[in-house]
Amino acid sequence: MKLTVVIPSYNEGNDIKFAYEKLVDVLKRCSIKQIYDYEIIFIDDGSNDNTLSVIKQFQVFDKNVKYISFTRNFGKEAGILAGLTYSSGDAVILMDADLQHPPQLIPKMVDYYLRGYDQVIAKRNRIGDSKSKTFLSKLYYKIVNHFIDVKLEDGIGDFRLLSQRSVKALLSMGEYNRFSKGMFCWIGFNQKVIKYENQRRVGGTSKWNFRKLVQYGIDGILSFNNKPLRSTIYIGFLMMILGIIYLIYSLTRILIIGIDVPGYFTIISAILIMAGVQILAIGIIGEYIGRIYYEVKMRPHFLIQESNIEKVREEYFMEDKYGKQDNAIF
Ligand code: UDP
Ligand code: MG
């Protein structure tokens, strides 16, 4: 069998070497034992440091190293997609470049794959994370799982092995907004979860900041189905019922006691609450329209600047008469 390891990397020039060395060490050892070939596909996600040149150095000595370099930073999801698209293995492993996904787990993953599992998922614990972060993410998963129809689990990320047919299933989902955490669950297949200890980055810093996390959080809730839209219907309905009850109450009061003028508080609170609900509802609808807008544009998920993968070169570049392949087809 052949194993493909996909590593999306963005500005990892300083630590990608450690990941590569450790990975090759593990792969070489177990490829002899379990008899498989392997390839490593590095995706350089438009890094502005020396990531690409470091990767290119690997491929000079190691024919198993493939790389795809994007024209700019398209995000990790695009990197994963490119890796899956151009993988040639019977099974694909997705892994981070910062050694937070320990390569030592790979033999175990392959083992389960050989036993017939289509997705072997590595789940980390939260040791070493701050209390507030742990609390917030637990809360987040509670909220998200309420809204979307697949079940997301805390600690489960992109580090996993995918069989060829689950890769095919993922590639058949052509959406522009790719929330892969949800998509992995959505495709199903028989899955096995293995656990590992939370790891610190070898070096560098995480590409996440608070703003990005909040955006990702909202993406998680909105990009999967239309339940938030549905909930605005419920909220609207509830507000209407409350309004009608209040109306009946006021009318009866007027009929019995007569009109009394004071009522500033009720009027102003009704206006404020209704306005709030309406703007929220419009916001949610707007978000969906925005997503539809991106989907209908049908833009490619990524653009490739250079690569040593034959299939990519055929698809993306036209060789000119001097043998230079710098003309992207798009
Ligand atoms: N990454 C990427 N494109 C981006 C941001 C991140 O390919 O725009 C890669 C990054 O190089 C790393 C992985 O995605 O290999 C995870 O990123 P990071 O370590 O910053 O995230 P964290 O582990 O903190 O969730
Ligand atoms: Mg990381």
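FYI, the numbering just counts along the sequence from 1. Counting convention: from 1, in listed order, for ligands and their atoms alike. As the structure is a computational prediction, the values presented were derived from the model and not from experiment.
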Measure from every N or O atom of ligand 1 to the protein's N or O atoms and keep only the pairs below 3.5 Å, writing each with atom names and distance to 0.1 Å.
{"residue": "ligand 1", "atom": "3 (N)", "partner": "Asp45", "partner atom": "OD2", "Å": "2.6"}
{"residue": "ligand 1", "atom": "8 (O)", "partner": "Asp45", "partner atom": "OD2", "Å": "3.3"}
{"residue": "ligand 1", "atom": "8 (O)", "partner": "Asn73", "partner atom": "ND2", "Å": "3.1"}
{"residue": "ligand 1", "atom": "11 (O)", "partner": "Tyr10", "partner atom": "N", "Å": "2.8"}
{"residue": "ligand 1", "atom": "11 (O)", "partner": "Glu12", "partner atom": "OE2", "Å": "2.6"}
{"residue": "ligand 1", "atom": "15 (O)", "partner": "Pro8", "partner atom": "O", "Å": "2.8"}
{"residue": "ligand 1", "atom": "15 (O)", "partner": "Ala97", "partner atom": "N", "Å": "2.9"}
{"residue": "ligand 1", "atom": "19 (O)", "partner": "Asp98", "partner atom": "OD2", "Å": "2.6"}
{"residue": "ligand 1", "atom": "19 (O)", "partner": "Arg201", "partner atom": "NE", "Å": "3.4"}
{"residue": "ligand 1", "atom": "19 (O)", "partner": "Arg201", "partner atom": "NH2", "Å": "2.8"}
{"residue": "ligand 1", "atom": "20 (O)", "partner": "Arg201", "partner atom": "NH2", "Å": "3.4"}
{"residue": "ligand 1", "atom": "20 (O)", "partner": "Lys207", "partner atom": "N", "Å": "2.6"}
{"residue": "ligand 1", "atom": "21 (O)", "partner": "Trp208", "partner atom": "NE1", "Å": "3.3"}
{"residue": "ligand 1", "atom": "23 (O)", "partner": "Gln100", "partner atom": "OE1", "Å": "2.6"}
{"residue": "ligand 1", "atom": "24 (O)", "partner": "Ser206", "partner atom": "OG", "Å": "2.6"}
{"residue": "ligand 1", "atom": "25 (O)", "partner": "Trp208", "partner atom": "NE1", "Å": "3.1"}

Handout entry: Within the 6.0 Å centroid threshold, strictly below: Phe42 and Tyr67
Key = no

Exercise for the section: Please list, chain by chain and in numerical order, all residues satisfying side-chain contact (heavy atoms from CB on, under 4.5 Å) with Glu295, sequence neighbours excluded. Expected result: Glu175, Tyr176, Asn177

Problem - the Mg ion (ligand 2) neighbourhood, protein N/O/S only, threshold under 2.8 Å - result: Asp98 OD2, Gln100 OE1

Practice task
Check whether the ring centres of Tyr113 and Tyr117 lie less than 6.0 Å apart, and answer yes or no.
Solution key: no

Handout entry: Student check: side-chain heavy atoms of Asn308 and Gln59 closer than 4.5 Å
Key = yes

Problem - Criterion side-chain contact (heavy atoms from CB on, under 4.5 Å) against Leu152, the qualifying member of Val150, Ile156, Asp154 - result: Val150

Exercise for the section: With Arg72 as the cation and Phe74 as the aromatic partner, state whether NZ or CZ is under 6.0 Å from the six-membered ring centre and within 45° of the axis. Expected result: yes

Problem - Heavy-atom check, side chain of Leu52 versus side chain of Val54, under 4.5 Å - result: no

Handout entry: Partner set under side-chain contact (heavy atoms from CB on, under 4.5 Å) for Asn11, not counting sequence neighbours
Key = Ser47, Asn48, Asp49, Lys207

Problem - Validation row: Thr71, Ile304 side chains within 4.5 angstrom (heavy atoms) - result: no

